[in-house]
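Every value quoted in this text rests on a predicted model; they were computed, and no experiment measured them.
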Amino acid sequence: QQFATRLLAILELFTAEARYKTATDKVKRHMKKAAAGTELPDLSAFNVPFQLSNTQTIFATCDIMTKVYEKLGESSDELIADSSFRNTVEKADGLIKSNILVKLCNNLNNQCSSKAQQILYSIDSLYALNKVRH
């Protein structure tokens, strides 16, 4: 249960920082309400010494989410029967879906649309150039 509670607190922090950006007072108020006394791990030291490509980021995110769901799936039957634990897991699952997966899919859709527009523009340019020559 501690794992699920801390995971939820980290996701709530991510949500608050994404929503309120640099308004630290609002982030703190959000966390007081959402985390309800859960101690957050220090995430400030997390530093990747190199740039990650989109593909590496997607695979790393999927690996992490797989481990999270495996850990949650290893919970005892008594813990799974606890409605408080189930609510925490469901809330964390919802935050993962809305904050990570939806944004990731939207980002990929935007990149694909942009690339398709570039290709169509190139085709139009080639067609116009060919039409001028003939």
Subject >> Verdict with supporting geometry, Lys67 and Asp63, salt bridge (charged side-chain N to carboxylate O under 4.0 Å, His left out) >> reply: CA-CA 6 Å; Lys67 295 295 181 192; Asp63 286 345; over 6 Å; no

Do Gln111 and Ser114 make a side-chain contact, defined as non-hydrogen atoms from C-beta onward lying under 4.5 Å apart?
no

Could you check whether any side-chain heavy atom of Lys97 comes within less than 4.5 Å of a side-chain heavy atom of Asp93, counting everything from C-beta outward? yes

ask   = Given Asn87 and Lys91, is the side-chain contact (heavy atoms from CB on, under 4.5 Å) satisfied, shown in steps?
value = CA-CA 6 Å; Asn87 289 340; Lys91 191 170 182 181; over 6 Å; no

